[in-house]
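The figures here come from the full heavy-atom set of this structure, side chains too, leaving out hydrogens, waters and symmetry mates.
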Number of protein chains: 2
Amino acid sequence: MTISLGKAFLIASSMEELLDTTGGKRGRITIHDVAAAAGISISTASKALNDTGRMGLETRERVKRIAAEIGYRPNALARGLLSKRSFTIGLLTNDTYGRFTLPVMAGISDALVDHGVSVFLCAIEEDPALAQIHVEAMLDKQVDGIIATGKRLDRRLPVDLSNLNVPVVYAFTEGAPGSVTFRSDDAQGARLAVEWLAKLGRKRMVHVTGPENFFSVRERADAYRRVAGEERPVLFGVWSESWGHEAVARLWSGSGERPDGIFCGNDQIARGVIDALRERGIRVPQDVSVVGFDNWEIVAAQTRPPLTTVDMELKELGRQAGLTVLALAEGRSVEPGIRKLPCRLVVRQSCGGDTLGI
Amino acid sequence: MTISLGKAFLIASSMEELLDTTGGKRGRITIHDVAAAAGISISTASKALNDTGRMGLETRERVKRIAAEIGYRPNALARGLLSKRSFTIGLLTNDTYGRFTLPVMAGISDALVDHGVSVFLCAIEEDPALAQIHVEAMLDKQVDGIIATGKRLDRRLPVDLSNLNVPVVYAFTEGAPGSVTFRSDDAQGARLAVEWLAKLGRKRMVHVTGPENFFSVRERADAYRRVAGEERPVLFGVWSESWGHEAVARLWSGSGERPDGIFCGNDQIARGVIDALRERGIRVPQDVSVVGFDNWEIVAAQTRPPLTTVDMELKELGRQAGLTVLALAEGRSVEPGIRKLPCRLVVRQSCGGDTLGI
DNA sequence: CTGAAAGCGCTTACAG
DNA sequence: CTGAAAGCGCTTACAG
């Protein structure tokens with residue numbers, strides 16, 4: 001048996017009779033069907049349904065009721081053609097793994113679903129040609145705006161969005177000059193982490209982090225130094241567990257001072273650090289407190305002990321980016337510039353202090 | 001300074017002159033602009049651009065050239081209104097974490113971008129009301145089809161998609177009866193894993209896996225037993241690293257037989273198992289081979305040693321789901337039923353054999 | 001209070 | 001070979 005889902009299957013059985021009486025018309029239910037069923041013109045039907053124009057309340061209600069009964073839903077394409085609003089936006093990302101994009105997407109969707117806006121997700125990796133294709137497809141479909149996001153604050157997407165005829169908002173990726181950009185406040189996030197270590201009485205702090213050529217790495221390191229002391233050590237490396245291991249090996253190999261508080265540049269490094277400490281018989285958090293960055297659940301919740309870490313609040317970032325692109329699409333004014341959104345410290349058990357009720 | 005991105009900014013400076021000469025019209029470039037610039041009617045312009053109708057090749061080329069010069073792009077909303085095709089599909093998922101959805105999405109997008117199709121991503125969690133809102137928004141926007149996906153093969157999404165007037169394809173989630181469903185062939189995947197262990201000479205196998213109420217857990221366990229032997233032990237538990245630890249503790253605590261090959265139900269369990277073995281001084285893969293399931297890079301590539309595991313080829317699954325929904329949207333016939341797509345064994349170092357060139 | 005007409009941007013018979 | 005007309009489904013002045 002094969003099924004063919006062409007035009008034919010568009011008609012559900014319950015609709016069939018109605019449509020047959022209204023001319024046997026095939027296809028979706030339109031405003032003509034509503035008007036016919038109510039015995040009025042389509043103009044009046046439109047006004048009744050949209051609460052525009054003047055008309056008796058009872059007529060309005062009756063039309064709405066009939067529309068609901070026959071399952072009428074306005075065609076957004078037709079509406080969009082008139083109103084120049086498609087209630088659709090595009091999310092462009094080069095973060096194929098989705099580590100950062102998913103929370104941002106969730107926030108955007110969360111903020112915009114109430115406004116009837118749907119989101120095209122376009123993953124472009126690092127391919128400029130692919131990016132161009134996706135951007136053009138979105139523009140052809142008359143998106144009301146585009147949000148650009150990525151995996152790195154200090155890198156641009158491989159496509160120029162600065163001269164499009166729709167508003168563009170940047171979230172967690174570097175924006176064009178004069179644009180609206182949302183990003184996490186990494187300095188503030190780092191301060192939260194280091195101040196937490198300090199509050200727990202840690203004095204011999206170390207920062208084990210990623211590659212120095214990341215802007216956010218430098219920003220977090222600077223903030224760390226400002227709180228912990230300018231002379232406190234920073235170990236730059238890569239974003240991996242194994243670097244966390246190696247850093248611990250380095251710190252405990254020489255005859256130097258042993259840290260009692262380690263602020264890690266991300267959760268993966270922190271996991272490596274914690275594992276390495278355990279393997280050396282060093283207790284976390286009794287002997288050393290470890291704090292991470294990212295609050296990547298899959299990593300942070302699985303470390304032993306679970307990781308205290310900094311959450312960049314990417315969902316909130318997405319929410320704000322969504323509302324902003326909507327505002328621009330509606331012609332409202334928005335101040336350009338970079339908005340830094342505060343991070344939040346998520347206290348688990350890797351630093352201690354989790355039972356202090358602080 | 002504030003910027004207002006209303007209608008006004010739609011006109012780029014370079015377009016301004018042109019549009020002023022064609023009537024000072026504001027807004028996007030339409031086929032009227034092309035026709036005016038070429039000194040022909042819009043009907044002819046349309047036919048020239050779409051390679052329809054009959055006309056001199058040189059006219060056709062000239063129109064196309066002019067269209068390209070003035071940056072004309074057809075309005076997909078207007079086209080969709082006529083053609084009943086929006087070149088848009090919806091992807092509905094309850095997998096908020098994106099573990100399974102992202103690769104599926106990547107495959108869909110990959111397959112459909114060449115056909116000019118864009119994808120609405122709708123994350124609905126487990127909320128039926130939210131799901132309903134998203135489905136209605138997609139239908140209003142005249143999606144050509146919907147792909148439903150999720151995080152579990154044996155669970156339905158919290159919304160009924162069986163009587164929509166657009167085609168629906170299910171991918172990695174349970175479909176309605178009589179629908180087209182794509183899923184991974186978990187039995188075959190499990191066989192790959194266990195046969196690999198057998199090929200490496202492992203005889204005392206154990207299967208450490210997730211909750212027995214998962215269909216895929218039972219299916220993998222059955223396949224394991226068929227290859228390893230019906231009497232071989234299966235330890236059901238949860239999908240976590242800590243369960244992997246606990247399972248090792250259990251296996252090595254009694255006086256029973258010590259396994260030399262452990263097939264894990266997912267990569268997180270495998271990671272727990274490997275960590276626990278290392279902590280006991282048992283060498284992987286020399287003493288015990290460990291194989292996982294999922295090929296979740298972030299986990300599989302970070303275990304020590306890196307994990308040999310089964311990849312469900314979710315991207316390919318997405319690709320096929322995408323092409324299928326497209327076929328249905330075009331009215332082509334598709335055989336309903338469940339299609340199982342083969343898994344692939346990814347050989348890293350946790351089993352040995354990685355240098356055998358097998 | 002209600003409806004005919006125009007029009008959003010496009011495509012497609014149809015008549016020249 | 002080319003263009004006027006109709007129409008996709010809707011909204012919005014405008015005239016009654």
Protein-to-nucleotide contact annotation, 5' to 3' order, nucleotides 11-16 of chain D [B base; S sugar-phosphate only; - none; under 4.0 Å, heavy atom]: BBB---

Listed partners of A:Thr96 passing side chain to side chain donor-acceptor pair (under 3.5 Å), at least two apart: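 By the side chain to side chain donor-acceptor pair (under 3.5 Å) rule, A:Thr96 matches no residue at all.
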
Residue list, side-chain contact (heavy atoms from CB on, under 4.5 Å) with [X], at least two apart or on another chain:
{"X": "A:Glu136", "answer": "A:Gln132, B:Arg73"}
{"X": "B:Leu81", "answer": "A:Asn75, A:Leu77, A:Ala78, A:Leu81"}
{"X": "B:Ala137", "answer": "A:Ser118, B:Lys141"}
{"X": "B:Arg339", "answer": "B:Val180, B:Phe182, B:Val334, B:Glu335, B:Leu341"}

Pairs where residues 116-143 of chain A contributes a residue and the test ring-ring contact (aromatic ring centres under 6.0 Å, His included) is met, not counting sequence neighbours: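 Residue pairs with at least one partner in residues 116-143 of chain A: A:Phe120-B:Phe120.
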
B:Thr44 side-chain N/O to D:dT2 phosphate OP1/OP2 under 4.0 Å: no

Any B:Ser41 side-chain N or O less than 4.0 Å from OP1/OP2 of D:dG3: yes

Sequence neighbours excluded - salt bridge (charged side-chain N to carboxylate O under 4.0 Å, His left out) pairs with any residue from residues 104-116 of chain A: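 The answer is A:Asp110-A:Arg319.
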
Under 3.5 Å donor-acceptor, B:Thr324 side chain and B:Gln320 backbone: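 Checked: pair present.
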
Dot-bracket encoding per residue of DNA chain C, Watson-Crick/G-U cut-off under 3.5 Å, | denoting interstrand: |||.||||||||.|||

Whole-Å P distance, D:dA4 and C:dG7: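 After rounding to an integer number of Å, I get 15 Å for this pair.
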
